[in-house]
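Start at 1 and go down the list; that is how both ligands and their atoms are numbered.
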Amino acid sequence: MFDIRSKFSDDFVFGVATAAYQIEGSKFGGCGESIWDHFAKNGGTANGDDGSLACDHFHRFEEDLDLLVDAGFDAYRFSFSWSRLFPDGKNLNTKGLDFYKQLLDAINSRGLRPYGTAYHWDMPQALGALGGWTIRDNAERFGEYMGFIARNFGDDLENLVSINEPWCVAWLSHYLGEHAPGLRDLSSAVKASHYVCLGHGLGVQAARAETEKPIGVVLNFTPGRLETKTKINTEALERYEAVTNTWYLSAIIKGNYPDVALQELEGYLPNSWKSDLQNIKEPIDFIGINYYTTVLLKSGGDKFPFVEIIERDLPKTDMGWDVEPAGLRDAINLVSDYAPNLPLYITENGMASKNAIADIDRIEYYKQHLNEVAKAAETLPVNGYFAWSLLDNFEWALGYDKRFGLVHVDYETQKRTMKDSFKWWQRELAKK
Ligand code: NOJ
């Protein structure tokens, strides 16, 4: 028996996480075209899949929230769609405003605690067409948008996150080309890596003026490992860490970028970068950690940061990601080294599995990772854990092929079926 309740303090928060574009259905309610609709239309996703229907959560949110209550979760992490609220990037869609008001009422009336994220990747395409995250203007637009979220929804939220996974917004999307807008350009990636931080800082300032609720950011961590610690491998690992795991953390908490990264990238930063850091390091109240995997590295490859990933003989998820639970504790330790005493949440953790309903592998994954969180929480302020994700959903560039849900979704009929992992959580959380 796992006995989750005995491993965590009574006030530890258990929740599930989702994101607007992955579940809502962007064709409903006057939502505008986002950079993800545009990317999907232009061949960026598996099978041409997009989020136009997704899980039809727009119409089924009551039923979906009932599932959360049924499982016994305390909290729900969801995101606001920028494109639903401001379809053309400028003018408010009142239907979008109504939708999130209704959603928040439905969350709060069920006694669930709402953790809202202002940006989980669905920027209006109108702003994407102007240059997306590579231009300063859009960082400023994001700041205003986050102020709007805090003004209109602050009272209904438990807390507010600015941006989900800035590394994905910037590096994965502008350098590795895997996410919208699908660029493979170092100069754009560095600018986006800066402006996403600036957007965060301006957003925190704008939201602070509107609400007293705690405000934070969600960062993703993929710790690197070395097999052989030669000098060149160690330097390669340092470059990898600097662009992947510490760039955003360091900027937001300390107001500087890691030296190792700056040595290569400074020339691509906009002239204002040093003075912007003042705004970027606007104090925050918590950090959310998203964790899925680690990578084994060596020096190599023909592009910055000059690392190659080495295959390991570890269990893999359906994403092909190695399962290494200890990496989650490393991520927690890294964040608390930078930000001692700042409250932390695990805002995402979970796995894609081919097992449609009998997902014993996912139960094992949760157990192993929760054990790491429990150990960390003995000495560090880790206050909650959110499983990714409530429902199978649109897994970005990989479309609907990859299933992360505790609840299976039949995309033909939209029928929801509880998986074994859902029932596992239900049994565990019931043991108060
Ligand atoms: C992190 C992202 O925030 C989420 O949107 C995504 O589905 C999961 N990783 C799994 O890849």
| Is Trp121 in polar range of ligand 1, meaning some N or O pair under 3.5 Å apart? | no
| note | The protein heavy atom nearest to atom 2 (C) of ligand 1 is Glu348 OE1, 3.3 Å
| So which protein heavy atom does atom 7 (O) of ligand 1 come closest to, and at what separation? | Glu395 OE1, 2.6 Å
| Exam field: side chain Asn93 to backbone Phe86, donor-acceptor pair closer than 3.5 Å | no
| request: May I ask whether Lys402 places a heavy atom under 4.0 Å from ligand 1? | output: no
| With a distance cut-off below 6.0 Å to the six-membered ring centre and an angular limit of 45° from the axis, does Lys191 pair with Tyr268 as a cation-pi contact? | no
| task | Taking all non-hydrogen atoms of both residues into account, name the closest pair between Ala251 and Ile280 and its distance. | result | O-CG2, 3.6 Å
| Should you measure from each heavy atom of Glu165, which atoms of ligand 1 turn up under 4.0 Å away? | 1 (C), 2 (C), 3 (O)
| task | With Arg84 as the cation and Phe99 as the aromatic partner, state whether NZ or CZ is under 6.0 Å from the six-membered ring centre and within 45° of the axis. | result | yes
| Option among Trp171, Tyr195, Tyr119 that satisfies the ring-ring contact (aromatic ring centres under 6.0 Å, His included) test with Trp133 | Tyr119
| Does the cation-pi check pass for Lys7 over Phe2, that is, NZ or CZ under 6.0 Å from the six-membered ring centre and within 45° of its axis? | yes
| field | Within reach of ligand 1, part of Trp321 (heavy-atom separation under 4.0 Å) | value | side chain
| request: For ligand 1, note which part of Asn393 has a heavy atom under 4.0 Å away: side chain, backbone, both or neither. | output: neither
| query | What residue and atom, counting heavy atoms only, is the protein's closest point to atom 8 (C) of ligand 1, and at what distance? | reply | Tyr292 OH, 3.4 Å
